[in-house]
Trainee: 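Sharing a structure with you now.
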Amino acid sequence: MSKKELRIGLVGYGFMGRTHSNAYKRVGDFFPDLQYRPVLKAVSARNAERLEAFAKQWGYESFETDWRKMVQRTDIDAIDICTPNDKHAEIAIAAAEAGKMVLCEKPLARTVAEAQPMVDAVEKAGVANTVWYNYRRIPAVTLAKQLIDAGKLGKIFHYRANFLQDWTISPELPQGGEGLWRLDDNAAGSGVTGDLLAHCIDTAMWLNGGIKDVSAVTETFIKERVHTASGKKQKVGIDDACIFHCHFDNGSLGLFESTRYARGHKALYTFEINGQHASIKWNLHDLNRLEYFDHRDDSLERGWRSIHVTDGDMPYMDKWWVPGLSVGYEHSFVHQMADFLQSLEENKPCSPTFREAQETQKVCEAVLASAASKSWKETGTSWPG
Ligand code: SOE
């Protein structure tokens, strides 16, 4: 069977540019039955020298220093946005208007208002779209979804999640510019809420349904940092840490925490869900395992089971090695790409679509508004979008 080409134009070559490029390169080798084959057609960024080196290293056929040119090219089918958050909307809307499929790194945008025209643009153009909330596609997390959907947990009472990092503790760290735009409110939109809690919220709604209302507290521990653009100390506008609790639509309670000030934790994403019959927990540092406790087990044998999610009948695992051998962070992106290609074959949306990611955006915005006003906020979400 001859494959259909999906000609990719990537915007941005940072950390996420690499994770996505790796996914495009690997997916055909490990998901050989897919009809579509990604072709690394072009990459775009402003620094020509580094762009050329990136294109060469990852095997892109060409490069453009102006993303607008790339979006207009007729030899490109899909635009993948890996830029800082403040560029997502402009690029996505231009790409959709040019009839391109659009893949966007999370979060969809800085605010709900900025994201809405993105949702409208892809829907008006009728182009395939997805947002890279990659953690859903870690096999153990996907297995959690299967267990919940099969009713194993029964009625769910509690959802708890953390995303802990420690890379911004030094007051000497500047804000703005390459690598550090995540500290600049204007480029990022928010701090840990949009960067890290957005992941937790996406997974949480996917596993446990919509979030009705939230009560949050945020903190900015370092109030001023040198801005790389001005060379001067400027007020820091992002949230360094955020804690919120919430009601889910199904009546369960949620508790979420994220910080970049948890010394010793580099990227510890964890969640635990407690249901009437069973509980599950997962953590990113041991990502191949899903912990499961079932109260219906024989009482003398009852206890937490540690399921090593590597067997061939477990999500995605028939595509990789042999049972018992594990996968890693990068595979979550390969899986998302495989699902995207599959969705094209089936002419179905690839979740999370822009519309679904907009619901996560609404929760993030309600969290920030709640912290600012010290009051409960309705999220106004309608999951799944
Ligand atoms: C921030 O350090 C970051 O790179 C996020 O931007 C990613 O989305 C997250 O997956 C890992 O941490």
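Numbering of ligands and ligand atoms starts at 1, following listing order. In this text the structure is predicted, and so the values were computed from the model without any measurement.
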Trainee: Got the residues with a heavy atom under 4.0 Å of ligand 1, by chain and number?
Mentor: Phe15, Lys106, Tyr135, Gln165, Trp167, Arg182, Asp195, Leu196, His199

Trainee: Does the plane of the ring in Phe293 sit parallel, tilted or perpendicular to the ring in Trp304? Use 30° and 60° as the thresholds.
Mentor: tilted

Trainee: Quick check: are there more than 12 heavy atoms from other residues, nucleotides or ligands sitting under 6.0 Å from CD of Glu49?
Mentor: no

Trainee: Tell me whether the centres of the aromatic rings in Phe333 and His20 are closer together than 6.0 Å.
Mentor: yes

Trainee: Kindly say whether the aromatic ring centers of His199 and Tyr133 come within a distance under 6.0 Å.
Mentor: yes

Trainee: Once side-chain hydrogen bond (donor to acceptor under 3.5 Å, both in side chains) is applied, what residue pairs with a partner in residues 89-100 remain, sequence neighbours excluded?
Mentor: Arg68-Glu90

Trainee: So how far is it from Leu196 CG to Lys106 NZ, rounded to the nearest 0.5 Å?
Mentor: 6.5 Å

